[in-house]
Amino acid sequence: MTSDGVVIVGAGQAGFQVAASLRTEGYEGPMALIGDEPNLPYQRPPLSKAFMTGKQDIESTALRPLAFYESHRIELVTGARVTGIDRVARSVSLASDRGLRRSLRYNALVLAVGARNRTLSVKGAELDGVCYLRTDAEAVDIRQRLEQARDIVVIGGGFIGLELAAAARGLGKSVRVLEVQSRLMPRVVSGILSDFYLDVHSSQGVEIALGVALSEIAGKQGKVSHVVLGDGSVFPADLVLVGIGVVPNIELARDAGLGVSNGIVVDEHLRTEDGSIYAIGDCADHPNPFANPSGGGRARIESVQNAVDQAKCAAAAIVGRSENYRAVPWFWTDQFDIKLQMAGLSGGCGQVVTRGVPESRKFSLFYFRDGRLAAVDSVNRPGDHLAARKLIGAGAGITPEQASDLSVDLKTLT
Ligand SMILES: Cc1cc2nc3c(=O)[nH]c(=O)nc-3n(C[C@H](O)[C@H](O)[C@H](O)COP(=O)(O)OP(=O)(O)OC[C@H]3O[C@@H](n4cnc5c(N)ncnc54)[C@H](O)[C@@H]3O)c2cc1C
């Protein structure tokens, strides 16, 4: 493709969605969707859940079959990396896996470049058997290694680490989770949920160590054999799974002179300071009406919801129907038989009330910021989650007393 049109960099959840939504919006022009991974765009959530537990095959994670891209006239270029943006010429340069280089002109450019795993910097981090999960190829590799492994150490007690721990334990493996902070999922959930998940994992036989300092990963003949902590404790490990967060891919934007902070900086229409360049999904540092105002009211959100809704918003803006991005954030995680669904953003919330009791394994936490409902985390209570999305979106005036009273029907409050 050489003609001007929309060029989308990154063929993940957000990149796929903006391409699909541009056609739904009636955009008829040329479009290129460029991704550096070799396969069709796919969903990442099943990689640590249904795929890892053997309930879903890897092929079915594809978002659409190849025929979709052909019928929607989306030029899908896989195995190609965008290496630079020339904002004056309005073009991007590409280098493909096959060594081909070319440039592509754009009228509108969408950066949907996502994030990459943060990596360990301790001694032994490069040993065979120290694995990270972001891509389908990494998921397939980990799944195969899990079959052979006996002692698994998971470094990081966040969503990905705990989902992998649950999957590995479900396969009957010995699993130990090491978390540097004093509680599980500290960045995103309250202490009540951290304690609940500690109990869930412990009751399933996952060993959890909190507040630990990793000293080194030891190996034999290039392959991992032990994990060593700062206090001298040594744990056997023939597989180490690392889930210590991600860093946004900002370099392309930064090198093009665009503003970057906790991601690529965009306005409420997901536009960068260059009016023809947008950034969406995991890489976008955006104004979010649900974020803590005293934290600047901005957010960078790593979720499917955010990737999909920002893609729809950017597609509308490209065809001239700009609207402010104001979708209610939501997220989920599956660990053992527990589904946690989260709505809103709980940062800066001073008051938390419980609806139901954690012992029943069906309860919700309602977070209030300055007296207003800001977020709800629901454990095995999908009805609360759906109601919460509406309540938060509508800015409904629910009180903490109403939230904790099981006799109050949340649906009647929206
Ligand atoms: C294992 C796992 C489980 C998850 N589970 C959940 C869940 O349960 N619920 C939930 O809401 N979210 C979950 N997430 C997060 C969710 O998948 C992400 O938020 C979402 O994929 C973000 O989409 P994106 O398009 O912004 O980024 P990505 O999906 O990361 O896509 C970005 C793509 O751009 C490519 N790229 C980067 N730079 C370039 C370049 N210069 N040229 C070409 N291509 C480039 C990348 O390689 C990548 O393919 C999970 C993520 C992982 C890894």
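Every heavy atom of this structure was used, including side-chain atoms; hydrogens, water molecules and symmetry mates were not. Whatever order the structure lists them in is the order used to number ligands and atoms, beginning at 1.
- The heavy atom nearest to atom 22 (C) of ligand 1, considering only N306, D282, V82, V304, is found in D282.
- Protein heavy atom closest to atom 40 (C) of ligand 1, with residue, atom name and distance, is R81 NH1, 3.6 Å.
- Within ligand 1, the atoms closer than 4.0 Å to a non-hydrogen atom of A112 are 32 (C), 33 (C), 34 (O), numbered from 1 in the order shown.
- Of the charged side-chain nitrogens involved, none lies within less than 4.0 Å of a carboxylate oxygen, so that D238 and R150 do not count as a salt-bridged pair.
- Of all atoms in ligand 1, numbered sequentially from 1 with element shown, those under 4.0 Å from a heavy atom of S48 are 1 (C), 2 (C), 3 (C).
- Per-residue contacts place R134 under 4.0 angstrom from the following atoms of ligand 1 (heavy atoms of the residue considered): 27 (O), 28 (P), 30 (O), 53 (C).
- A salt bridge links R87 with D274: the distance from a Lys NZ or Arg NE/NH1/NH2 to an Asp or Glu carboxylate oxygen falls below 4.0 Å.
- When each of S346, S190, C349, S378 is paired with L365, the side chain to side chain contact (heavy atoms under 4.5 Å, CB included) condition holds for S190 and for no other.
- Nearest protein heavy-atom neighbour of atom 5 (N) of ligand 1: K49 NZ, 3.0 Å.
- Which of I85, D36, T83 comes nearest to atom 45 (C) of ligand 1 through a heavy atom is settled by distance: it is D36.
- In terms of protein heavy-atom proximity, atom 27 (O) of ligand 1 is closest to G114 CA, 3.4 Å.
- Within the 4.5 Å cutoff, no side-chain heavy atoms of R81 are placed close to those of L94.
- Scanning V9, I160, V113 for the heavy atom closest to atom 52 (C) of ligand 1 points to I160.
- Relative orientation of the F68 and F16 rings is tilted, given thresholds of 30° and 60° on the angle between their planes.
- Electrostatic pairing of R116 and E251 counts as a salt bridge here, judged by a charged N lying under 4.0 Å from a carboxylate O.
- Looking only at side-chain heavy atoms (C-beta outward), D141 and C131 come within less than 4.5 Å of each other.
- Short contacts between ligand 1 and S303, defined as distances under 4.0 Å to a heavy atom of the residue, involve ligand atoms 11 (O), 12 (N), 19 (O).
- Between D282 and R134 there is a salt bridge, since a side-chain N of the basic residue sits under 4.0 Å from a carboxylate O of the acidic one.
- For atom 48 (C) of ligand 1, the candidate residues are R44, Q43, Q13; the nearest heavy-atom contact is made by R44.
- Counting protein heavy atoms only, atom 15 (C) of ligand 1 is closest to E302 O, 4.2 Å.
- One finds a salt bridge joining E37 and R44 here, because a Lys/Arg side-chain nitrogen approaches an Asp/Glu carboxylate oxygen to under 4.0 Å.
- For atom 25 (O) of ligand 1, the nearest protein heavy atom (residue, atom name, distance) is A14 N, 2.8 Å.
- Residue contact check: G281 has heavy atoms under 4.0 Å from atoms 26 (O) of ligand 1.
- At a heavy-atom distance under 4.0 Å, atoms from both the backbone and the side chain of W332 approach ligand 1.
- Against a heavy-atom cut-off of under 4.0 Å, E37 is close to the following atoms of ligand 1: 47 (O), 48 (C), 49 (O).
- Residue-ligand proximity, A80 to ligand 1, at heavy-atom distances under 4.0 Å covers atoms 43 (C).
- For N249, no nitrogen or oxygen atom sits less than 3.5 Å from a nitrogen or oxygen atom of ligand 1, counting backbone and side chain alike.
- Here CZ of R90 is found 14.0 Å from CG of L104. Values are rounded to the nearest 0.5 Å.
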